[in-house]
Amino acid sequence: MFQNHTALTNAQTLFLTPSDVVSIVHAHGLPKVLAALAAYVQDDFLRWAQFDKSPRVAAHSPSGVIELMPTSDGELYTFKYVNGHPGNGQFGLPTVMAFGVLADVATGLPLLVSELTLTTAMRTAATSAMAAKALARSDARSMAIIGNGAQSEFQAAAFAQIVGIREFRLFDIDVQATAKLARNLRAMGLDAVICGSTREATRGADIVTTITADKSCATIITPDMIEPGMHINAVGGDCPGKTELHADVLRAARVFVEFEPQTRIEGDIQQMPPEFDVTELWRVLSGASIGRSKGAAGQSEVTVFDSVGFAIEDFSALRFVREAALELGLGSRIDLVPPLADPKNLFALLGEVPATLHSRRSVCYG
């Protein structure tokens, strides 16, 4: 895994723009990229113990949140800068914007700086579908999508490719967002049903995905909407004070999370007492814990994936885009680290310094 620390001439860093990531998608097709991202995430979750893990560092404000998400497996180090500002549409900006860095642990050399706004949307959807493959009923074919914003198309594409979902039932309080999603899904050849309420969308759905944006303690899904055997993919509750599921929905379900200490702070389970039982997803993937029960009992169980996003998923995504970009010859090389003939002589980078520098007097303006 990237053992050649001098692969980039003069310690240059590979830089990927959104256009470069779009080129990766065009080269392979969105379904294959989503499947590859899911495979990368699952591979890294299966070596969970190798990673440094900590809740992300967050700076909250009334308008949103800015977060840093670091992790390392001892060979590579990554971090993601990401924001969440629900009101950004009025400024012509996405609700979520992100970039990430992948570095070599042995030298500290930044190997990659990449956009992660588009990539995060894809890795979030891929992780959701990967989890549903392990937790939902194997015969699941219908999914409700509550919240039809920027993440919704990616969720649908991932669930169609990885889980085999055929029908998508759509609802958002913004009818234009729902119309946009329906157009995009139909253009992808997917069956989109526009619904008039959350209750209508969830009725008869095998899987319910919630991806709402408002930063509030909401109850988008209530106990009376739950049907036996349903899997809930709760994606939108991702910061303190922001929820989507009624507490009784959680009490009636088996709940799975990415990294429990982080989800206790930011996920839907923030409203539950500390002793409330949850299972980290890596344990299911590795066989250490069961997901949905086998047989008739499993057919009626309700499962919840309380997903807030975790740094290992970004680690996986950065690995994928770097390898894909190098294979396709995409990206540009930047001098993020100054090129030095003598690594101990950083001062030489300034060139010839004026001899009078030491004698110049400060001028005060009053």
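Being a predicted model, the structure only gives us computed values, none of them experimental. Below, all heavy atoms of this structure are taken into account, side chains as well, without hydrogens, waters or symmetry copies.
Contact annotation: the side chain of Leu34 approaches that of Leu30 to within less than 4.5 Å [non-hydrogen atoms, C-beta and beyond]. Here the side chains of Leu285 and Leu281 are in contact, with some heavy-atom distance below 4.5 Å. In this structure, Ile312 and Val41 have side chains that are not in contact, with every pair of non-hydrogen atoms separated by 4.5 Å or more. A heavy-atom distance below 4.5 Å is not found between the side chains of Thr124 and Phe154. Counting heavy atoms from C-beta outward, Ile165 and Ile207 have side chains that approach closer than 4.5 Å. Val208 has its side chain out of reach of Asn233: every pair of non-hydrogen atoms, C-beta onward, lies at least 4.5 Å apart. Val337 is listed as a side-chain neighbour of Pro110, based on a closest heavy-atom distance under 4.5 Å. Counting heavy atoms from C-beta outward, Thr78 and Val101 have side chains that stay 4.5 Å or more apart.
Under a 3.5 Å cut-off, the side chain of Lys53 and the backbone N or O of Phe51 do form a donor-acceptor pair. Arg169 places no side-chain N or O within 3.5 Å of a backbone atom of Ala192 that could act as its donor or acceptor partner. Listed for the Asp172 side chain is no donor-acceptor partner under 3.5 Å among the backbone atoms of Val175. Under the 3.5 Å distance criterion, the side-chain polar atoms of Asp268 are matched with a main-chain donor or acceptor of Leu245. The main-chain N or O of Ala218 is found under 3.5 Å from a side-chain atom of Thr243 such that the two form a donor-acceptor pair. Judged purely by atom type and a 3.5 angstrom limit, Asn148 has no side-chain atom pairing as donor or acceptor with the backbone of Ala177. A distance-only check finds a donor-acceptor pair linking the side chain of Thr117 to the backbone of Ala98 [under 3.5 Å]. Side chain of Glu266 to backbone of Gln262: no donor-acceptor contact under 3.5 angstrom is found. At distances below 3.5 Å, not a single donor-acceptor pair connects side-chain atoms of Thr263 with backbone N or O atoms of Gly267.
A salt bridge links Arg137 to Asp139: at least one charged side-chain nitrogen sits closer than 4.0 Å to a carboxylate oxygen. We find that Arg292 and Glu301 are not joined by a salt bridge, their nearest charged nitrogen and carboxylate oxygen being 4.0 Å or further apart.
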**Message:** What verdict does the salt bridge (Lys or Arg N to Asp or Glu O under 4.0 Å) test give for Arg123 and Asp314, after you've listed the backbone C-alpha separation in whole Å, the side-chain angles of each residue and the deciding distance to 0.1 Å?
**Reply:** CA-CA 7 Å; Arg123 75 83 164 135; Asp314 301 308; 2.8 Å; yes

**Request:** Take Asn184 and Lys180, measure what side chain to side chain contact (heavy atoms under 4.5 Å, CB included) needs, and give me the verdict at the end.
**Result:** CA-CA 6 Å; Asn184 288 339; Lys180 173 268 305 180; 3.5 Å; yes

**Request:** Carefully, step by step, assess Ile146 and Ile211 under the rule side chain to side chain contact (heavy atoms under 4.5 Å, CB included).
**Result:** CA-CA 6 Å; Ile146 312 302; Ile211 37 176; over 6 Å; no

**Item:** Residue pair Ile232, Ile226: steps toward the side chain to side chain contact (heavy atoms under 4.5 Å, CB included) verdict
**Value:** CA-CA 9 Å; Ile232 301 170; Ile226 303 303; 3.4 Å; yes

**Request:** Start with the C-alpha gap between His85 and Thr95, add the side-chain angles, then the distance that decides, and say whether side chain to side chain contact (heavy atoms under 4.5 Å, CB included) holds.
**Result:** CA-CA 5 Å; His85 287 70; Thr95 297; 5.6 Å; no

**Request:** Apply salt bridge (Lys or Arg N to Asp or Glu O under 4.0 Å) to Asp224 and Arg199, showing your working.
**Result:** CA-CA 9 Å; Asp224 54 308; Arg199 186 178 303 279; 2.5 Å; yes

**Criterion ring pair (Phe, Tyr, Trp, His ring centres under 6.0 Å) on Phe315 and Tyr40, from CA distance to verdict** = CA-CA 9 Å; Phe315 180 100; Tyr40 272 63; over 10 Å; no

**Request:** Go through the steps for Asp73 and Arg47 under the test salt bridge (Lys or Arg N to Asp or Glu O under 4.0 Å), then give the verdict.
**Result:** CA-CA 9 Å; Asp73 68 349; Arg47 53 193 191 97; 3.0 Å; yes

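With no hydrogens or angles considered, no side-chain donor-acceptor pair links His246 and Thr222 at under 3.5 Å. Checking Gln151 against Gln155 by side-chain atom types alone, a donor-acceptor pair falls below 3.5 Å. Judged purely by distance below 3.5 Å, without hydrogens or angles, the side chains of Thr120 and Lys80 pair a donor atom with an acceptor atom. With hydrogens and angles left out, the side-chain atoms of Ser316 and Asp44 include a donor and acceptor closer than 3.5 Å.
Note on Met122: it does not cluster hydrophobically with Val82, by side-chain heavy-atom contacts below 4.5 Å among ILVMFWY residues. A continuous path of Ile, Leu, Val, Met, Phe, Trp and Tyr side chains, each step under 4.5 Å between heavy atoms, connects Phe15 with Tyr77, placing both in one hydrophobic cluster. Hydrophobic clustering of Ile, Leu, Val, Met, Phe, Trp and Tyr side chains at less than 4.5 Å, counting indirect connections, keeps Met69 apart from Leu37. Cluster membership check: Met130 shares its hydrophobic cluster with Phe259, using side-chain heavy-atom separations under 4.5 Å among Ile, Leu, Val, Met, Phe, Trp and Tyr. Residue Leu116 is not grouped with residue Phe79 when hydrophobic side chains (ILVMFWY) are merged at heavy-atom distances under 4.5 angstrom, including chains of intermediate members.
If you take CD on Gln12 and CG on Leu111, they are separated by 12.5 Å, rounding to the nearest 0.5 Å. Between Arg56 atom CZ and Glu67 atom CD the span is 4.0 Å, to the nearest 0.5 Å. To the nearest 0.5 Å, atom CE of residue Met225 and atom OG of residue Ser197 are 7.5 Å apart. Atom CD of residue Glu260 and atom OG1 of residue Thr279 lie 8.5 Å apart, to the nearest 0.5 angstrom. Within the model, atoms OG1 of Thr209 and CG of Leu170 stand 11.0 Å from one another, a figure rounded to the nearest 0.5 Å. To the nearest 0.5 Å, atom OG1 of residue Thr13 and atom CG of residue Leu112 are 8.5 Å apart.
The side-chain contact (heavy atoms from CB on, under 4.5 Å) test with Glu115 is passed by exactly one of Val21, Thr17, Val22: Val21.
For an aromatic pair to be called close, the ring centres must be under 6.0 Å apart, and Phe159 with Phe168 fails this.
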Side-chain polar contacts of residues 249-258 - donor-acceptor pairs under 3.5 angstrom, sequence neighbours left out - could you list them?
| from | atom 1 | to | atom 2 | distance (Å) |
| --- | --- | --- | --- | --- |
| Arg251 | NH1 | Asp248 | OD1 | 2.5 |
| Arg254 | NH1 | Gly291 | O | 2.1 |
| Arg254 | NH2 | Ile290 | O | 3.3 |
| Arg254 | NH2 | Gly291 | O | 3.3 |
| Glu258 | OE1 | Val308 | N | 2.9 |
| Glu258 | OE1 | Gly309 | N | 3.2 |
| Glu258 | OE2 | Ser307 | OG | 3.1 |
| Glu258 | OE2 | Gly309 | N | 3.3 |

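Residue-environment remark: CD (Gln90) exceeds the threshold of 12 foreign heavy atoms within 6.0 Å. Counting heavy atoms of neighbouring residues, nucleotides and ligands inside a 6.0 Å radius, atom CD1 of Ile173 does not exceed 12 of them.
By the side chain to side chain donor-acceptor pair (under 3.5 Å) test, Glu280 pairs with Trp282, sequence neighbours left out.
Residues Pro18 and Leu118 approach most closely at O-CD2, 4.4 Å, considering heavy atoms. Here the shortest heavy-atom pairing between Val163 and Ala132 reads CG2-CB, 4.1 Å.
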